[in-house]
Amino acid sequence: SVNKAKSLPKIKTKKVGNVAGVLLMVFGGIGTGFASIAVIVTLILFMAQKMVMPVFWAGLFLAGFIFMIQRGAMRRNRIKRAERYAALCGDKSYIDIEELAQHMGQSKRYVLKDVKKMIKLGIFPEGHLDEQESCLMLTDATFKEYLKLQKERKVLEMEEKVARMQEKQKAKGEYLTQRQKESDKSGRQGMIYEQTD
């Protein structure tokens, strides 16, 4: 089993956006603190002197920093989900999207969209989806195996199709031969009748 574990292709994941996510959360948090103070100060000024513009700008900065925190958290959560997807694949290095959705408690549509985004961003550098977009494969080796099986399946389907066509042609030929025989027989019988007349 140790040899088997060694021969299995390792699932590669890259923490794309993780550092950016942390920085966004850190600076967003610092900015939110300062912007919150600015909002309080400008609100006091507004109440004292009815100055609308400073309140507006302070509010805008606050919203911007909160957005930064949200974006940062989103990126970090995506990395955590990617690691969970990889863990759920286990030694197989592939898994059905439907199975992933069940484990994650999400819809199949959500997980598929999430996985596609991860592949596009390079979080799964060897990530692939099958033709039907129903299976996630996380190593190039697994994907190559899938392509090989697909090719074999298509060849087999083609062979079966050709065999069916040949069978049809053979049956048609046999039918025509039988009709020809019947026609010849009835022709001969007709000639016999004519001769007896």
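Along the sequence shown, residues carry numbers from 1. Note that the structure is predicted; figures quoted are calculated from it, not measured.
The 12-atom threshold is not exceeded at CZ of Phe61, counting heavy atoms of other residues, nucleotides or ligands nearer than 6.0 Å.
Using a 4.5 Å heavy-atom threshold, the side chains of Lys116 and Leu112 count as touching. At a threshold of 4.5 Å between non-hydrogen side-chain atoms, the residues Ile97 and Glu133 do not count as touching.
Across all non-hydrogen atoms, the minimal contact from Met104 to Leu88 is SD-CD1, 4.1 Å. Residues Gly127 and Ile119 approach most closely at O-CG2, 3.7 Å, considering heavy atoms.
Among Glu160, Glu131, Glu159, the single residue meeting the salt bridge (charged side-chain N to carboxylate O under 4.0 Å, His left out) criterion with Lys154 is Glu131.
Follow the hydrophobic side-chain contacts under 4.5 Å out from Tyr110 and you reach Leu136 in the same cluster.
Partners of Met74 according to the side chain to side chain contact (heavy atoms under 4.5 Å, CB included) rule, which considers only residues two or more places apart in sequence or in another chain, are Arg71, Arg78. Qualifying side chain to side chain contact (heavy atoms under 4.5 Å, CB included) partners for Arg153, counting only residues two or more places apart in sequence or in other chains: Gln150, Glu157.
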Go through the steps for Tyr85 and Val111 under the test side-chain contact (heavy atoms from CB on, under 4.5 Å), then give the verdict. CA-CA 10 Å; Tyr85 292 163; Val111 172; 4.1 Å; yes
Given the rule in the side-chain contact (heavy atoms from CB on, under 4.5 Å) test, do Asp114 and Gln106 qualify, once you have shown the distances and angles that lead to the verdict? CA-CA 11 Å; Asp114 201 27; Gln106 294 285 356; over 6 Å; no
Phe124 vs Met137, side-chain contact (heavy atoms from CB on, under 4.5 Å): CA-CA, chis, key distance, verdict: CA-CA 10 Å; Phe124 295 131; Met137 290 161 274; over 6 Å; no
Evaluation steps, side-chain contact (heavy atoms from CB on, under 4.5 Å), between Lys161 and Arg164: CA-CA 5 Å; Lys161 196 176 178 181; Arg164 280 198 302 271; 4.2 Å; yes
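Phe143 and His128 have parallel rings, their planes meeting at less than 30° on a 0 to 90° scale where 60° marks the start of perpendicular.
Side-chain polar atoms of Tyr94 and Asp130 form no donor-acceptor pair below 3.5 angstrom.
The backbone N or O of Ala73 sits less than 3.5 Å from a side-chain atom of Asn77, completing a donor-acceptor pair.
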